[in-house]
Participant: 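Sharing a structure here in structure tokens format.
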Number of protein chains: 2
Amino acid sequence: MSTASYHHGDLRAALLREAEVELSENGVEKFSLRSVAKRAGVSHAAPAHHFGDVAGMLTALAAEGSRRFLATQLKCEERAKTPEERLLESGVGYVEFACANPALFRLMFGSRRANHGDRDLHRASEAAFDHLIDNVSAITGKRPEDDRTTRMMISRVWSQAHGLADLLLSGSPRYVADLPPDEREAAIREIISGSFAEK
Amino acid sequence: MSTASYHHGDLRAALLREAEVELSENGVEKFSLRSVAKRAGVSHAAPAHHFGDVAGMLTALAAEGSRRFLATQLKCEERAKTPEERLLESGVGYVEFACANPALFRLMFGSRRANHGDRDLHRASEAAFDHLIDNVSAITGKRPEDDRTTRMMISRVWSQAHGLADLLLSGSPRYVADLPPDEREAAIREIISGSFAEK
DNA sequence: GGCGAATCTGGACAGCGTCAAGATCGAATT
DNA sequence: AATTCGATCTTGACGCTGTCCAGATTCGCC
């Protein structure tokens, strides 16, 4: 509670907050545990007691990111009325999240520094994937276990949104990135919805 | 020439070779310049004379990777006869390269450790992008500068292939990754070709 | 009130990237 | 043919990193 006590009180949460700042400023590759500790005004070895090692901290960060990732999609889906619209807005949320949290997004999908075998992280990513499955199943009327078309549609839709997001982060697809905001979002919608055809 | 001479002879190429081994074994994030020097049997400061710093080495590696990336696509296109087939096989080559060189692929697109402003690297990535443009233009009959449909198709096709590749590397899309080899390639073809519709 | 467990500190160690100074060699010049 | 010069490579140093360890501090429970 007090500002200068030996025990912090809620160091774990504070470290996670600072870790996200560190991540967005320095990226996954230059992420430094000691720097996070310094940001939180705490000794360099303090994080170990809450996260074990740097992989543990990044894993916790990725898990929290995954939950917010799903939350962003759910929020975007509120403006949808049909299953098709829901899937589309979910994809828009996918890309929006990536653009708003580039380093976190890369940590979640690309990085070998996080422990993707971790239970909590695995559950969190799984939840996001399950939601995508539900959204597609609501359109095809079938579950992926029973229907190849549904499986293919899931793969296609996910790849499309993910590829657009990742390319936008890498600064590659100039035809989309260079657009003014409103046209840009329209283009994103157009690209994503292009992958909805059932066959 | 001789095995134990003070001057190596072709250290730059040797370092680049070992750097790729290091990259595929340790990934971009744990890539170590000293480790590469050790692999090449040379002092820890030797690489600096050929690449400046670690970013320079990774940049050279990414540039070489980009050229091989384009070469892989061109090779795959040889089995195509129509423009549509050419674009499809090019996409298959895109995914194939990513799966065969995961760390290199991630370095080329995702990493902040390479200097993407570098001239040589920029030219190499640009060449790959230009080739994609040509492949799409051959189908639509128009150049992207003049035609929005062509621009959108480029973005869509590229995102689709890139997303599929990146998700396969992250181990996420089980419906594709878990397939036996032949069905797997068929699924990849199906997913990529799904993004070809002009509207 | 005291005791055990959790939390945090400070020091140590090896490995990292980078810089500077010196050793070695190839090749061009004289 | 000897010498000089620039390119190449080594060695040592510095500050940074992640991780381990022993000790100090504090919380919660008995």
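Chain A is the first sequence line, chain B the second, and so forth, proteins listed ahead of strands; every chain is numbered from 1.
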Participant: Check the surroundings of atom NE2 in His116(B): do more than 12 heavy atoms from other residues, nucleotides or ligands lie under 6.0 Å from it?
Facilitator: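 Correct, the count exceeds 12.
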Participant: Please report, rounded to the nearest Å, how far the C1' atom of dA24(D) is from the NE2 atom of His49(A).
Facilitator: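 So the NE2-C1' distance, His49(A) to dA24(D), works out to 12 Å.
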Participant: Expected output is a numbered-order residue list: members of residues 19-43 of chain B with a heavy atom under 4.0 Å from any atom of DNA chain D. What is it?
Facilitator: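 The answer is Arg34(B), Val42(B), Ser43(B).
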Participant: Identify whether the distance between the nearest side-chain nitrogen and carboxylate oxygen of Glu183(A) and Arg151(B) falls below 4.0 Å.
Facilitator: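 Looking at Glu183(A) and Arg151(B), the cut-off is not met.
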Participant: Please determine whether a side-chain nitrogen of the Lys or Arg among Glu29(A) and Arg112(B) lies less than 4.0 Å from a carboxylate oxygen of the Asp or Glu.
Facilitator: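 No, this pair does not count.
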Participant: Counting only side-chain heavy atoms from C-beta out, which of dT11(D), dG18(D), dG17(C) sits nearest to Ala45(B)?
Facilitator: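 Of the candidates, dT11(D) comes closest.
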Participant: Got a donor-acceptor contact below 3.5 angstrom from the Glu85(B) side chain to the Lys81(B) backbone?
Facilitator: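 Checking the backbone N and O of Lys81(B) against the side chain of Glu85(B), a donor-acceptor pair under 3.5 Å is found.
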Participant: Round to the nearest Å and state the distance from His50(A) atom NE2 to dT9(C) atom P.
Facilitator: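 In whole Å, dT9(C) P and His50(A) NE2 are 9 Å from each other.
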Participant: Are Ile192(A) and Tyr94(A) close enough that some pair of their side-chain heavy atoms sits under 4.5 Å apart?
Facilitator: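 They are not in contact (no side-chain heavy atoms under 4.5 Å apart), so the answer is no.
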Participant: Leu11(B) has an atom CG; how far is it from atom P of dC25(C), in whole Å?
Facilitator: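 That distance rounds to 16 Å.
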Participant: Measure from CG on Asp10(B) to C1' on dG26(C) and round the result to the nearest Å.
Facilitator: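 Rounding to the nearest Å, CG of Asp10(B) and C1' of dG26(C) are 15 Å apart.
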Participant: Take atom CG of Leu15(A) and atom C1' of dG18(D), then tell me their distance rounded to the nearest Å.
Facilitator: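 For the pair Leu15(A) CG and dG18(D) C1', the rounded distance is 15 Å.
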Participant: Atom CZ of Phe51(B) and atom C1' of dC9(D): how far apart are they, to the nearest Å?
Facilitator: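 For the pair Phe51(B) CZ and dC9(D) C1', the rounded distance is 15 Å.
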Participant: Please report, rounded to the nearest Å, how far the C1' atom of dC16(C) is from the CZ atom of Arg113(A).
Facilitator: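 It is 12 Å, rounded to the nearest whole Å.
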Participant: What is the nucleic acid contact for His44(A), judged by heavy atoms within less than 4.0 Å: base, sugar-phosphate only, or nothing?
Facilitator: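 Base, at least one base atom sits under 4.0 Å.
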Participant: Ring centres of His162(A) and Phe105(A) under 6.0 Å apart?
Facilitator: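 Yes, they do, as the ring centres are separated by less than 6.0 Å.
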